[in-house]
Number of protein chains: 2
Amino acid sequence: MDLQRIKYFLALAEQLHYWKTAEKVNITQSALTRQIQSLENELGLQLFERNKRNVKLTPAGKFLKEKWEVELSELEYIHQFAKQIYLGERGTITIAHPDSISASIMPDILAKITQAFPQLQIKLVQVLYENQLDFLKNYKIDLAITRDITSEQGIKSKKIYSDHLALVVPLAHSFKRFEDLSTERLKAQKFILPTKDEGSSYSEIIQALFKSYDFVPDVFLHSEFGSTIIALVRKGLGIAILPDSYMHHQSPGLRFIPLPFKTDILINWRADDHNPVLANILKLVF
Amino acid sequence: MDLQRIKYFLALAEQLHYWKTAEKVNITQSALTRQIQSLENELGLQLFERNKRNVKLTPAGKFLKEKWEVELSELEYIHQFAKQIYLGERGTITIAHPDSISASIMPDILAKITQAFPQLQIKLVQVLYENQLDFLKNYKIDLAITRDITSEQGIKSKKIYSDHLALVVPLAHSFKRFEDLSTERLKAQKFILPTKDEGSSYSEIIQALFKSYDFVPDVFLHSEFGSTIIALVRKGLGIAILPDSYMHHQSPGLRFIPLPFKTDILINWRADDHNPVLANILKLVF
DNA sequence: ATCCATTAATGCAAAATACGCATTAATAAA
DNA sequence: TTTATTAATGCGTATTTTGCATTAATGGAT
């Protein structure tokens with residue numbers, strides 16, 4: 001069943017006149033007659049009651065007119081929507097990002113995206129570092145913003161930002177400036193650090209940091225969640241190393257002492273992802 | 001856009017394999033390829049991401065698969081429904097009938113109809129005799145069951161039943177049998193009769209009845225509503241002439257004395273009514 | 001009652017479209 | 001490197017659709 005036929009039918013059901021309708025839909029009366037005939041054959045029912053003089057809808061025709069009008073406009077909407085998805089103006093994209101940047105660069109990124117593609121549905125999720133690649137490969141997320149460098153096959157990666165690490169201490173703490181730090185004094189501290197993952201470049205940087213002071217820190221708690229760490233530091237349970245992006249979070253009672261170590265923020269995506277939404281975002285934002 | 005194409009698409013979206021799909025839908029792989037291609041052209045978007053080895057849905061294709069599945073099954077349901085309307089198995093019909101038969105032949109008629117066409121909507125109304133033809137012509141009712149013979153143009157008519165007139169009296173009344181009736185004794189009675197309409201064949205029969213006894217009845221009240229008349233007779237306010245169909249109504253305290261006058265029940269319908277529901281009912285019931 | 005104007009249906013040939021067969025080209029696996 | 005698999009494509013054929021011209025039915029006018 002051709003949708004065009006249904007459109008012809010609807011036009012005729014409006015006009016109830018073959019000639020006028022045929023002219024309106026730009027075919028000949030003969031063609032219209034046959035279109036309606038074959039539509040009736042296909043459905044196995046009569047749409048119009050007609051003699052050589054009058055055209056009238058049958059009850060079944062009347063019913064179909066009403067229903068088809070609705071269905072056709074629904075279909076039209078669906079097709080339009082699909083086209084938008086195809087053009088990357090619509091659709092959904094799921095982005096994983098670390099908590100650390102949710103107050104610094106994430107707002108900028110999101111503002112840019114929503115301004116350019118107001119129809120775009122964005123889903124933000126937080127995923128443990130170790131799961132990010134899996135999630136990416138299994139289409140659970142489309143874009144991973146991370147501090148880890150990946151050399152995985154099939155995953156493309158790009159650096160978009162970098163910020164410094166900072167030592168995070170309570171305001172009352174004796175460490176005030178970078179110059180206050182020394183191996184001696186650092187050794188005496190209790191640290192709250194992220195989980196030490198195998199192959200995580202972020203934790204490697206932190207390890208490198210401690211190596212530069214030439215000691216192994218006393219870590220009493222591991223957490224990947226920055227907000228947890230910050231809360232613990234504020235309560236005086238220990239001090240932490242965090243990216244200074246956290247300074248953008250409103251965190252009274254804390255002091256960030258910048259360290260001469262940089263941590264990169266990268267975006268990862270599937271190399272074979274042809275979702276135009278993604279292409280647009282990559283083009284736009286990064 | 002041909003719905004068949006969409007079906008091909010859905011099959012391919014399931015299998016993600018041209019050969020297998022082509023075999024399944026009974027066309028060649030070549031034809032399937034072109035169907036999909038022209039569908040994509042028509043929509044102006046890509047449905048599948050494909051190389052010579054793999055077939056995969058694009059986001060737009062995925063979206064359309066989901067939506068089209070729903071739409072197609074809706075359309076199928078609609079077409080089935082329309083077919084039922086066409087066959088007269090669905091739809092609505094409005095029937096006017098006299099009160100007198102609501103306990104005798106109406107239940108049989110309705111039982112037959114609903115058994116044969118359970119999906120059919122039947123609307124029962126009671127219409128004054130004088131309005132029946134108007135209502136029929138103006139499409140307010142589709143079928144009029146009546147005791148009046150019509151010779152109106154455009155109205156078809158058929159006799160479906162006939163019953164006797166009966167004299168209705170209270171049980172205590174001195175009239176017990178037909179033999180008790182005489183012109184003398186009838187003259188003394190007060191009568192409750194239906195409205196004496198011009199051209200109503202029913203009231204003509206009643207007039208003929210009185211003519212056979214050669215007197216003019218003392219009518220103190222006219223009513224077209226049998227249940228009203230019966231209530232009045234039971235209270236002893238007078239006696240009445242009614243079709244003996246009323247004997248089927250449970251009416252204690254009354255005696256029906258059959259009279260040798262018959263009254264026909266007819267059905268009337270529009271000659272040009274091509275509603276298949278009507279045709280079915282006429283075929284089935286009468 | 002007859003004629004006329006209107007209008008849906010239809011025969012036919014041309015045009016457009018769809019189809020199948022055979023082949024090609026790309027690619028993953030052996 | 002070879003082979004098997006598989007989507008795309010060229011081409012001739014079959015089918016379908018279209019437009020033109022004509023027919024046939026019908027309601028309205030005279």
Side-chain angles (χ1 to χ4, degrees), chain A residues 1-58 60-62 65 137 153-154 270-274, chain B residues 1-58 60-62 65 137 153-154 270-274:
Chain A
M1 170 146 3
D2 197 327
L3 292 186
Q4 188 57 46
R5 281 197 182 149
I6 297 182
K7 285 181 190 157
Y8 289 151
F9 161 77
L10 288 179
L12 181 58
E14 248 355 279
Q15 295 266 341
L16 295 177
H17 194 288
Y18 275 79
W19 276 33
K20 291 179 193 165
T21 306
E23 192 170 16
K24 201 172 180 182
V25 298
N26 289 319
I27 52 171
T28 57
Q29 171 262 322
S30 143
L32 180 60
T33 291
R34 280 172 240 250
Q35 289 279 358
I36 299 295
Q37 280 173 344
S38 57
L39 189 55
E40 285 181 335
N41 277 338
E42 210 167 348
L43 289 164
L45 54 82
Q46 215 178 323
L47 293 166
F48 295 98
E49 218 177 278
R50 51 197 186 277
N51 47 37
K52 302 254 166 181
R53 200 80 188 167
N54 284 309
V55 180
K56 203 177 105 189
L57 279 168
T58 61
K62 204 168 174 181
K65 174 180 186 296
K137 284 184 169 177
Q153 173 113 21
R270 290 180 295 276
D272 67 343
D273 190 340
H274 294 103
Chain B
M1 169 148 2
D2 197 326
L3 291 186
Q4 187 57 45
R5 278 193 184 154
I6 298 182
K7 285 182 190 157
Y8 289 150
F9 161 78
L10 288 179
L12 181 58
E14 240 6 91
Q15 295 266 343
L16 295 177
H17 194 288
Y18 274 79
W19 276 33
K20 291 179 193 165
T21 306
E23 193 169 15
K24 202 172 181 183
V25 298
N26 289 319
I27 53 172
T28 58
Q29 171 263 321
S30 144
L32 180 60
T33 292
R34 279 173 240 248
Q35 290 279 359
I36 298 295
Q37 280 173 344
S38 57
L39 188 55
E40 284 181 336
N41 278 337
E42 210 167 349
L43 289 164
L45 54 82
Q46 215 178 322
L47 293 167
F48 295 97
E49 220 176 277
R50 51 198 186 276
N51 47 36
K52 302 255 167 184
R53 201 78 188 167
N54 284 310
V55 181
K56 205 176 102 189
L57 279 168
T58 61
K62 205 169 174 181
K65 174 180 186 295
K137 283 184 169 177
Q153 173 113 25
R270 288 181 294 276
D272 66 344
D273 189 339
H274 294 104

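Only this structure's heavy atoms are used, side chains among them; waters, hydrogens and symmetry mates stay out. Bear in mind the structure is a predicted one, so any value in this text is a computation, not a measurement.
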- [ ] Would you indicate whether the side-chain heavy atoms of B:I6 and B:M1 approach each other to under 4.5 Å?
- [x] yes
TODO: Please list, in 5' to 3' order, the outermost nucleotides of DNA chain C lying under 4.0 Å from any heavy atom of chain A.
DONE: C:dA5 to C:dC12
- [ ] Identify which one of B:L12, B:L10, B:V55 satisfies the side-chain contact (heavy atoms from CB on, under 4.5 Å) criterion when paired with B:T21.
- [x] B:L12
Task: Sugar-phosphate, base or nothing in reach of B:Q29, heavy atoms under 4.0 Å - done: base
Open item on the list: So which atom in B:N54 and which in B:N51 form the shortest heavy-atom distance, rounded to 0.1 Å?
Closed with: N-OD1, 2.6 Å
Open item on the list: Assuming nearest nucleotide by heavy-atom distance, tell me which of A:S38 and B:R50 is located more 5' along DNA chain D.
Closed with: B:R50
Task: Straight-line distance of B:Q4 CD to B:D2 CG, nearest 0.5 Å - done: 6.5 Å
Open item on the list: What is the distance, to the nearest angstrom, from the CD atom on A:Q4 to the P atom on D:dT17?
Closed with: 12 Å
- [ ] Calculate, to the nearest 0.5 Å, the distance between atoms CG and CZ belonging to A:L57 and A:F48 respectively.
- [x] 5.0 Å
Open item on the list: Near DNA chain D, counting only heavy atoms under 4.0 Å, which residues of residues 7-24 of chain B show up?
Closed with: B:H17, B:Y18, B:W19
Task: Spacing of A:L32 atom CG relative to D:dT18 atom P, expressed in whole Å - done: 10 Å
TODO: Grab the two heavy atoms, one from B:D272 and one from A:E49, that are nearest each other, plus how far apart they are.
DONE: O-OE2, 4.5 Å
Let me check something: any side-chain donor-acceptor pairs from residues 23-31 of chain A under 3.5 Å, sequence neighbours excluded? List them with distances.
| residue | atom | partner | partner atom | Å |
| --- | --- | --- | --- | --- |
| A:T28 | OG1 | A:A31 | N | 3.3 |
| A:Q29 | NE2 | A:T33 | OG1 | 3.0 |
| A:S30 | OG | A:R34 | NH2 | 3.2 |

TODO: For residues 14-39 of chain A, pull every pair meeting ring-ring contact (aromatic ring centres under 6.0 Å, His included), keeping only residues two or more places apart or in separate chains.
DONE: none
Open item on the list: Can you list everything that forms a salt bridge (Lys or Arg N to Asp or Glu O under 4.0 Å) with B:E14? Sequence neighbours excluded, please.
Closed with: B:K65
Would you tabulate the pairs of protein nitrogen or oxygen atoms and nucleotide nitrogen or oxygen atoms of nucleotides 10-14 of chain D closer than 3.5 angstrom?
| residue | atom | partner | partner atom | Å |
| --- | --- | --- | --- | --- |
| D:dG10 | O6 | B:R34 | NH2 | 2.6 |
| D:dC11 | N4 | B:R34 | NH1 | 3.4 |

Open item on the list: For A:R5 versus A:L39, what's the shortest heavy-atom pair and its separation?
Closed with: O-CD2, 3.9 Å
